[in-house]
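Here, residue 1 is the first one in the sequence, and each next residue gets the next number.
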Amino acid sequence: MTQQIETIKAIASQYDVIVFDQWGVLHNGTTPYPSAIEAISALSGKTAVLSNSGKRSAPNAARICGMGFPKDAFDVVMTSGEALWQDVKQGHIDAKTLFAVERAEGDAADWAEGLEITLVTDVRQADAILMMGLPDDTNLVDWAPKLKGWHAGSLPMYCSNPDRQSPRADGLVISPGALAHAYGVLGGHTVFYGKPHHPVFRGLENVFGAGRYLMVGDSMEHDIAGAQKAGWDSLLIEGGLYADRFANGSGDLIVAEIAAEKNCDPPTYRIKGLR
C-alpha cells in the first residue's frame, strides 16, 4: 500500500540517489511550487532531474536555475531531448532531414546545433518528423489532417517528449506525446524518447552507479511506471498532473484508480507537494 508522507526529507536517507521530474514537481512551467526550492536545498545526497523535455539538458538546467533553484542543486539534469540528440550524434538514427514540430520558433534549431542534419519547413522534403514541442493552445483535433498526411508519406516520427499533458500555471495543456500516440493509432511508426522508456533510467544509473533510487514525479504513466520497470521506488506528487482528482476524493482511492488506468502498480509513497 502506498505510504503518505509529509516531507521528502523524512525518507531521503533511505536512498543513494533521488531523481525528480520537472514540470508538475519542481515548477509549473513559470514558477517554482511553494516549498520546492527549500525541499531540494535541504537534501544532502545525490540528486538528478529526469525530464520529458524535448530540449537538451543545458537549457533545462538554465531554466531551473533561473527560477531560483541553486546552481548546484542537482548533480545531473537529463532530458529526453538530450537522449535523442545523443543518439543522432552517435549515428544510431538514419534520418538526416527532419520536419520539426516545436513549441516556439527556433527551439528545433537550438536543439539541432552540433548535429549533421537539416531542418526543413516543407514536410515533403523530410525523411522523418521531429516531435519535440507544441504551442500551449494546441487542440489535438486540429492536427488530424497533418497526421494523416505524414502517415500517407510513410514518415517515421521521433518524439522527444512522450508526455500527453503537462501542468501549467493556468491548467493542463496538450503535450507532444498526445500527437505521437495519435500517429501510432493511425499506423505511423513512432519512436519515443524519455520516461517511461527504459534507456533514460539506465542512463542515470550509468552515471551514478548501483544503488537505491527514488523517482519523484506527478505522472503515473511516465514517472511511476517507468521507475517500477527500472526497479526504483517512487513518490507521487498529488499537486501536479492529477491535482483536480486529488482535490475531490480520497487519496488512497485516487491512487488505486489511476494506477489501474495506467496499468501499473501504485507508487511507494505519495505526498501533496514537494516539501
Side-chain angles (χ1 to χ4, degrees), residues 2-53 55 57-82 136 161 163 165-173 175 194-195 200 204 208 213-224 226-227 232-247 251 254-255 258 267-275:
T2 299
Q3 178 184 346
Q4 184 172 17
I5 62 173
E6 296 299 323
T7 69
I8 190 170
K9 193 173 182 179
I11 60 170
S13 63
Q14 302 177 34
Y15 297 95
D16 301 296
V17 184
I18 301 180
V19 182
F20 296 87
D21 178 38
Q22 191 178 172
W23 276 268
V25 174
L26 301 177
H27 60 76
N28 61 16
T30 55
T31 308
Y33 287 114
S35 303
I37 294 176
E38 181 181 353
I40 296 295
S41 299
L43 298 177
S44 57
K46 297 175 181 177
T47 59
V49 172
L50 184 55
S51 176
N52 279 358
S53 168
K55 295 182 179 181
S57 293
N60 277 276
R63 175 199 291 270
I64 294 168
C65 184
M67 290 184 185
F69 288 89
K71 194 172 185 179
D72 59 352
F74 303 101
D75 297 288
V76 173
V77 175
M78 172 60 69
T79 68
S80 47
E82 180 72 28
D136 283 352
N161 182 349
D163 288 351
Q165 290 181 304
S166 297
R168 293 288 187 269
D170 54 354
L172 298 175
V173 298
S175 289
K195 301 168 291 184
V200 290
L204 278 182
F208 291 109
Y213 287 72
L214 177 70
M215 179 75 224
V216 184
D218 70 324
S219 169
M220 201 82 80
E221 178 181 6
H222 300 106
D223 304 313
I224 307 306
W232 299 5
D233 283 356
S234 58
L235 168 59
L236 178 69
I237 301 291
E238 298 177 5
L241 191 61
Y242 311 122
D244 289 346
R245 294 181 67 167
F246 279 105
I254 298 303
V255 165
I258 300 173
T268 316
Y269 311 98
R270 63 182 174 91
I271 190 172
K272 293 187 180 299
L274 187 57
R275 56 177 62 86

Worksheet entry | Inter-residue atom distance Ser13.OG - Leu43.CG, 0.5 Å rounding | 10.5 Å
Fill in: Euclidean distance, Asp136 CG relative to Ser175 OG, rounded to 0.5 Å
8.5 Å
Discussion item. Side chains of Ile37 and Pro70, heavy atoms from C-beta outward: is any pair under 4.5 Å?
Written reply: yes
Fill in: Min side-chain heavy-atom separation Asn161-Ser53 under 4.5 Å
no
Discussion item. If we check side chain to side chain contact (heavy atoms under 4.5 Å, CB included) with Trp232, which of these qualifies: Ile224, Leu204, Val17, Asp223?
Written reply: Leu204
Worksheet item: Under 3.5 Å, side chain of Tyr15 to main-chain N/O of Asp233, donor-acceptor pair present?
Response: no
Discussion item. Rounded at 0.5 Å granularity, tell me how far CG in Leu236 sits from CD1 in Ile258.
Written reply: 6.5 Å
Worksheet entry | Value rounded to 0.5 Å, distance of CD in Gln4 from CD in Glu238 | 5.5 Å
Worksheet item: Distance from Tyr213 atom OH to Lys46 atom NZ, nearest 0.5 Å?
Response: 7.5 Å
Response to the item:
Tightest non-hydrogen contact, residues Asn28 and Thr31, listed as OD1-N, 2.9 Å
Worksheet item: Going by heavy atoms in the side chains, are Phe20 and Thr47 under 4.5 Å from each other?
Response: yes
Discussion item. Walk me through whether Val173 and Trp23 qualify under side chain to side chain contact (heavy atoms under 4.5 Å, CB included).
Written reply: CA-CA 12 Å; Val173 298; Trp23 276 268; over 6 Å; no
Worksheet item: Does Asp75 reach the main-chain N or O of Ala48 with its side chain, forming a donor-acceptor pair under 3.5 Å?
Response: no
Fill in: Trace of the side chain to side chain donor-acceptor pair (under 3.5 Å) decision for Asn60 with Ser51
CA-CA 9 Å; Asn60 277 276; Ser51 176; 4.5 Å; no
Worksheet item: Looking only at atom types and distance, does a side-chain atom of Ser57 sit under 3.5 Å from a main-chain N or O of Val77, one as donor and one as acceptor?
Response: yes
Worksheet entry | Interatomic distance, His222 atom NE2 to Asn52 atom CG [nearest 0.5 angstrom] | 6.0 Å
Item to complete: Without swapping roles, check the side chain of Thr2 against the backbone of Thr268 for a donor-acceptor pair under 3.5 Å.
Response: no
Item to complete: Output, in order, the C-alpha distance, side-chain angles, deciding distance and verdict of side chain to side chain contact (heavy atoms under 4.5 Å, CB included) for Asp16 and Phe208.
Response: CA-CA 9 Å; Asp16 301 296; Phe208 291 109; over 6 Å; no
Item to complete: Apply side chain to side chain contact (heavy atoms under 4.5 Å, CB included) to Ile237 and Ile271, showing your working.
Response: CA-CA 5 Å; Ile237 301 291; Ile271 190 172; 3.4 Å; yes
Worksheet entry | Test side chain to side chain contact (heavy atoms under 4.5 Å, CB included) applied to Tyr269 and Ile8, step by step | CA-CA 10 Å; Tyr269 311 98; Ile8 190 170; over 6 Å; no
Worksheet item: Arg275 versus Glu38: any side-chain heavy-atom pair under 4.5 Å?
Response: no
Discussion item. Would the distance check show the side chain of Thr79 and the main-chain N or O of Lys55 forming a donor-acceptor pair, the cut-off being under 3.5 Å?
Written reply: yes
Worksheet item: Only one of Asp218, Asp21, Asp163 clears salt bridge (charged side-chain N to carboxylate O under 4.0 Å, His left out) with Lys195; which?
Response: Asp21
